[in-house]
Amino acid sequence: MTTNLMYLKLQTLKKEETFIEKIKENEGLIFKITTIYGSDSEDRKDLYQEIVLQLWRAFEKFKNQSQVSTWIYRVALNTAISRLRKEKRNTETISFREIFDIKADVPDTLLEERTQTLYAHISHLNDIEKAVIFLFLEDKSHTEISGITGLTVSNVGTRMARIKDKLKQKINTEHV
Amino acid sequence: MIELEEMKKTWDELSAELANQKKLTDAIILKMAHEKSKSSLDKLVRVETMGGMAMAIILVLGIMVFVANGTLDTWQLILCALCSAAIFIFSGILSYDFIEKMKKMNILEDSLEDTKKHYNDFQKAHGLYRKVGAYTVLPTMIFFIPVVLKVFIKMDIFANFSEAKTKLLEVVFFSVLLSVPMLFIMFRYYKKNIKTTSEAIKDAGVE
C-alpha cells in the first residue's frame, strides 16, 4: 500500500473527510489566529497543529447547533489563549514574509507595510482584547463576538472602546 | 495614522490573500490519528500496568505468607498456592507482552509495513491474552479460593470440607458478585479502547 493510497483511504472515511473539509474551508481563519497569538514561525506552526488537534477532539461533540465557523473561532481562540496563559509566551510582531512564507508570489509592498503596522498594534493588546479585535476585523457583530468569547454584549462594547483608546494612545505616542 | 476602519481594510486584503493559500493538512490529520490511537493505547497500558502491579503485590504477599508463616501447611494447599502463583506469573508475562506490543505501536513514526506488523502483533497478543484470561477464570477460582480461605479465615477446606462449605459458598458467591460486573466493565473498557485503536489504524490506511 503506497503512501498516496494511505492518504486516499484516509480521505474516504466520512468523518475525517468532513473534518478535513471544514478545516480546509477555514484554515485561513486558523492561520490568522496563529499570526496574532504565536510568538515566532515555529510557535505558529505548533499552535496551528494544536488548534487542529483541539478541533478534532471537539469535533465529535459538535452537533451543528452553531455555525462551523463560530465553533472554529471559539475552539481556536480558547486554545490560543489558554496556551498563551499556560506558557506565558510573549508575542512578537510578525513579519509579512512569514505570513506568506509558503506563497510563491510576493504581494504588494504597500500591503506589506500596512500589515506590519496592523500586527504591531494588535501585539500591544492583551489576550482577550486580541480576540475581540480579531473577531471585529473578521466582521463579527458585538452579539456574535459575545457568542464566541462568552463575554456579555455590553462587555464587548466596553472592550472595543478600550481597544480604540489603547490604539489612539499608541498612535499619539508614535507621533510625539 | 491607523484607525479601526483602516485596520479592517488591511485585514480584508490580507484575508483575501490568505484565501488563495492552500496548505496541506493531511499530515496533521495523520498526526491526529496517531494521537487518537496513542491515547486509547495509553489507557490500556495504564490499566494493564495497574493489574500487573496488583498481581505482583498478591504474589509477594503470598510468598511472604507461604515462607514466613507456614500457614499453608498441607500439600493440597501448597499445590493450590503454587498453581495460583503459576497462573498469576503466566498472566503477568502475557500482560507484560501485551503492554510491550501496545507500546511499540506508533502510526506517525513507523513505516507502513512496521505499523502493519506492530498492529498484527498487538492483535495477536490481545487475542491470546483474552483467551487465556477467559480460560483461567475458573482454575484461578478453584486454586486461589482455598488459599484465601486458609490465609484470611484460617479455614482448611481440604481438612474439614463440611465445615468450610458454607464459607466456601460465601466466598464463591461474593467473588462472582464482584467479578461479573468488574469483568463486564473491563470488557467494555477494553472493547472501546481497542475499537478506537483499530479505527485509528484503519484511518491511517493500514488495514
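Quick note on labels: first sequence line is chain A, next is B, and so on, each numbered from 1. Keep in mind that the numbers below use all heavy atoms, side chains included, and drop hydrogens, waters and symmetry copies.
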* Name all residues meeting the ring pair (Phe, Tyr, Trp, His ring centres under 6.0 Å) criterion together with B/F143; count only those two or more places apart in sequence or in a different chain, and write none if there are none. => none
* For A/F134, which residues count as a ring pair (Phe, Tyr, Trp, His ring centres under 6.0 Å) partner, sequence neighbours excluded? -> A/Y73, B/W11
* Gap separating the CG atom of B/L14 from the OH atom of A/Y119, nearest 0.5 angstrom ->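 Here the rounded value is 5.0 Å.
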* Asked: What distance separates A/L118 CG from B/K8 NZ, expressed to the nearest 0.5 Å?
  ->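 The CG atom of A/L118 sits 11.0 Å away from the NZ atom of B/K8.
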* Tabulate, in ascending numerical order, the residues of residues 136-160 of chain A having at least one heavy atom closer than 4.5 Å to a heavy atom of chain B, or enter 'none'. => A/F136, A/L137, A/E138, A/D139, A/M160
* Check side chain to side chain donor-acceptor pair (under 3.5 Å) between A/D127 and all other residues, then give those that pass, not counting sequence neighbours. => A/R85
* With a cut-off of 6.0 Å (strictly less than), are more than 12 heavy atoms of other residues, nucleotides or ligands near CZ of B/F90? -> no
* **Basic-acidic side-chain contact under 4.0 Å: A/R114, B/E13** => yes
* To do: Examine whether an atom of A/L29 lies under 4.5 Å from a heavy atom of chain B, and if so say whether it belongs to the side chain, the backbone or both; otherwise answer neither.
  => neither
* After noting the C-alpha distance and the side-chain angles of B/L4 and A/I133, does the key distance pass the side chain to side chain contact (heavy atoms under 4.5 Å, CB included) rule? -> CA-CA 9 Å; B/L4 277 179; A/I133 191 77; 3.4 Å; yes
